Amino acid sequence: MNKLFSTFLLILLTIQFSGQAQELRSDWWTEARFGMFIHWGLYSGAEGIWKGEKHRHFNNYAEWIKYRNRISNEEYGELAKRFVWEDIDPEKWVIQAKKAGMQYITITAKHHDGFALWDTKVGNYSFKNYDPESRDILAELAAACKKHNMKLGFYYSHWVDWEHPYGWDHNRELTQDLSDEQFDKYWQEKVIPQLRELLTNYGDVALLWFDMWLGHEETIVQEKQLRQVISLVRELQPNCLINSRLGLPVSDPDIDYETLGDNQLGAIYQKNPWQTPGTIAHSWGYHALENDWKSTNQLLQALINNVSLNGNFMLNIGPRADGSLPYESISRLEDMGRWLEVNGASIFGAGGLELRPRQYDWGKLTFKKENGKDKIFLQVFNWPLDKTLRFTGVLTKPSKVYLLADKLQKPISHTQSGPNLHLHLPRLQPDPFVSVVVLEFDEQPELDKDVAAESSFGGVALHGGNALEKDVQLEKLDPPGRMVSPEYVNISQGQELNWKLYAIETEQKNLSISFANPGKKPIKGEILLGDRKMEIELKPTGKVVVEPNQNYYTEEFIDFPLGQFDFSEVGYHTIKFRILDKPSTTIRFNRIWIE
Ligand code: GLC
């Protein structure tokens with residue numbers, strides 16, 4: 001019995017310890033929030049064009065050209081001759097990252113093309129075998145990172161390798177059959193020894209970034225091969241972080257952070273460490289025909305969105321084969337850096353609050369405890385024309401409100417009623433991109449996670465996304481890409497939706513309801529505000545043409561005014577909507593608008 005108990009205790013301690021160790025390992029990374037991703041390799045020399053023909057695949061990722069345009073190892077290797085070594089200087093990348101406010105760099109040590117950026121002793125697919133003038137770029141980058149106190153990590157394509165005869169390729173188009181034994185030969189003779197080199201010869205490796213976009217069970221890669229990688233990393237560099245694209249889920253204690261899909265921004269608040277890899281344009285590697293640059297505002301909003309949900313953003317750039325960056329990249333990085341110089345306090349070491357992620361139509365919020373204060377940063381993407389910023393969801397009164405850009409911290413006047421805070425802002429926004437308002441609290445602010453938020457210019461929309469029922473299923477009618485109808489909730493007899501809202505003053509408010517009734521008959525419903533009832537008739541709503549195809553119709557959502565409701569008390573109110581009739585078809589409920 002005693003033995004059993006001590007074994008149990010040991011297991012418990014081990015679990016706790018490994019959990020804690022994981023947390024400690026990734027702490028710096030969580031705080032860092034913003035990193036640089038660099039895609040640079042032989043493909044940078046091809047620039048998305050091969051023998052007068054552009055990249056063959058619509059996805060047009062320049063770093064995939066070897067595969068998409070079916071280039072042999074030898075011919076592709078010759079691209080090394082295009083590299084302008086006298087101009088290549090990785091320290092410039094580090095300086096650029098610093099200026100942008102980035103806290104770490106991840107570079108493609110080996111991408112899917114199988115070509116190593118460093119002087120590998122494993123095989124002959126690396127610069128030194130194709131261009132005698134070349135140098136070990138990873139050694140230079142590691143030295144520059146050390147000099148500038150920048151963390152460095154390596155992208156390593158473990159699963160896909162188009163050079164090795166037994167490496168995986170996308171749809172098994174290059175070689176049809178690959179046995180487990182053959183794949184393991186690739187693993188043992190290339191992956192493991194190359195990772196050993198990377199983890200031995202370049203100083204501290206802050207993270208390894210693997211790239212498998214499926215769970216390993218769906219691939220040829222076996223769990224024991226992944227475990228072998230993990231043990232190697234832990235043996236050589238215990239502090240090195242490993243991402244989920246290794247092929248294991250984040251719930252695995254050896255996965256330090258989750259990597260979402262390419263350019264996939266966060267949508268929900270998550271406690272575990274996670275990131276979006278996002279690229280500054282469309283392609284990851286340099287592409288001569290690129291014209292899909294994201295704007296600085298888009299990039300800043302992506303970073304802020306992720307931080308507000310407790311995530312990271314790793315922004316990719318693709319330098320040319322002479323090491324230079326296109327002006328579009330430089331200007332965006334510098335704009336972001338200037339923004340972070342002023343507003344970095346709301347990003348670095350900050351996270352989010354567990355309020356509904358999409359409820360503010362003016363922007364996002366981030367949160368941080370700093371110098372004994374709790375600070376909520378309102379990240380205003382859209383400065384209010386009526387000079388009133390409406391923020392719903394915090395009950396505690398802030399002790400100080402000011403603009404982060406204002407060194408003098410001149411107080412911003414505000415009025416608070418329950419969970420509704422109105423900030424009276426200056427007419428002009430202090431920042432051309434995103435302006436930040438700081439709410440400072442002496443104590444931990446009390447949140448109201450249920451109340452429906454006010455919209456800009458006033459008014460509250462009650463919909464499936466802010467109903468009190470947590471399991472509301474939001475639907476969308478549109479065929480992909482045809483934005484003609486809103487998100488809605490299917491609702492039939494007996495079903496109801498409830499909301500909590502806060503009235504700032506006693507007054508009559510106008511209500512309207514928007515829905516689609518695809519049937520032929522009107523359906524009875526009711527709205528209840530406390531013990532007052534309003535019966536409503538939900539009329540058939542007809543069809544709308546989905547342009548540009550004039551023969552294609554979908555359901556129309558119509559707004560019906562419902563008259564006035566009397567909010568006779570300041571404070572919280574509950575609103576209920578339900579269907580009374582047994583409808584022949586379900587009602588597609590969009591929202592109730594109260595103003
Ligand atoms: C995908 C692509 C790759 C790119 C990566 C970045 O996995 O295959 O080219 O490196 O995403 O997230």
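Note that this is a predicted model, so its numbers are computed, not measured. When a ligand or atom number is given, it counts from 1 through the structure's own listing order.
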For this session: Report the C-alpha distance between K147 and E91 in whole Å, list the side-chain angles of each, state the deciding distance to 0.1 Å, and finish with yes or no for salt bridge (Lys or Arg N to Asp or Glu O under 4.0 Å).
Result: CA-CA 9 Å; K147 177 170 162 198; E91 186 176 4; 2.7 Å; yes
Problem set entry | K110 and E163: CA distance, side-chain angles, deciding distance, salt bridge (Lys or Arg N to Asp or Glu O under 4.0 Å) verdict | CA-CA 11 Å; K110 184 197 88 169; E163 177 263 340; over 6 Å; no
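Residue H111 has at least one nitrogen or oxygen atom sitting less than 3.5 Å from a nitrogen or oxygen atom of ligand 1, judged on distance alone. Considering backbone and side-chain N/O atoms, E63 comes within less than 3.5 Å of an N/O atom of ligand 1. Of the N or O atoms in H39, one or more lie within a sub-3.5 Å distance of an N or O in ligand 1. Checked against a 3.5 angstrom limit, the closest N/O atoms of D211 and ligand 1 fall inside it.
Side-chain atoms of E74 do not come within 3.5 Å of backbone N or O of Y76 as any donor-acceptor pair. For K375 (side chain) and F367 (main-chain N/O), no donor-acceptor pair under 3.5 Å exists by modelled atom type.
Heavy-atom distances between W159 and ligand 1 stay at or above 4.0 Å for every pair.
Within ligand 1, the atoms closer than 4.0 Å to a non-hydrogen atom of W213 are 7 (O), 8 (O), numbered from 1 in the order shown. Less than 4.0 angstrom separates some heavy atom of W209 from each of these atoms of ligand 1: 12 (O).
Applying the side chain to side chain donor-acceptor pair (under 3.5 Å) rule to H282 yields no partners; only residues at least two apart in sequence or on another chain are considered.
In terms of protein heavy-atom proximity, atom 6 (C) of ligand 1 is closest to D262 OD1, 3.6 Å. In this structure, the protein non-hydrogen atom closest to atom 2 (C) of ligand 1 is W64 NE1, 3.6 Å.
Closest heavy-atom contact between I49 and I65: N-CD1, 3.6 Å.
Only side-chain heavy atoms of R245 come within less than 4.0 Å of ligand 1; its backbone N, CA, C and O stay farther off. In F210, neither the side chain nor the backbone holds a heavy atom less than 4.0 Å from any atom of ligand 1.
Checked options K271, R33, E354, Q270; the residue passing with N310 is R33 (criterion: side-chain hydrogen bond (donor to acceptor under 3.5 Å, both in side chains)). When the options W40, Y43, Y155 are evaluated for a side-chain hydrogen bond (donor to acceptor under 3.5 Å, both in side chains) with H111, the one that passes is Y155.
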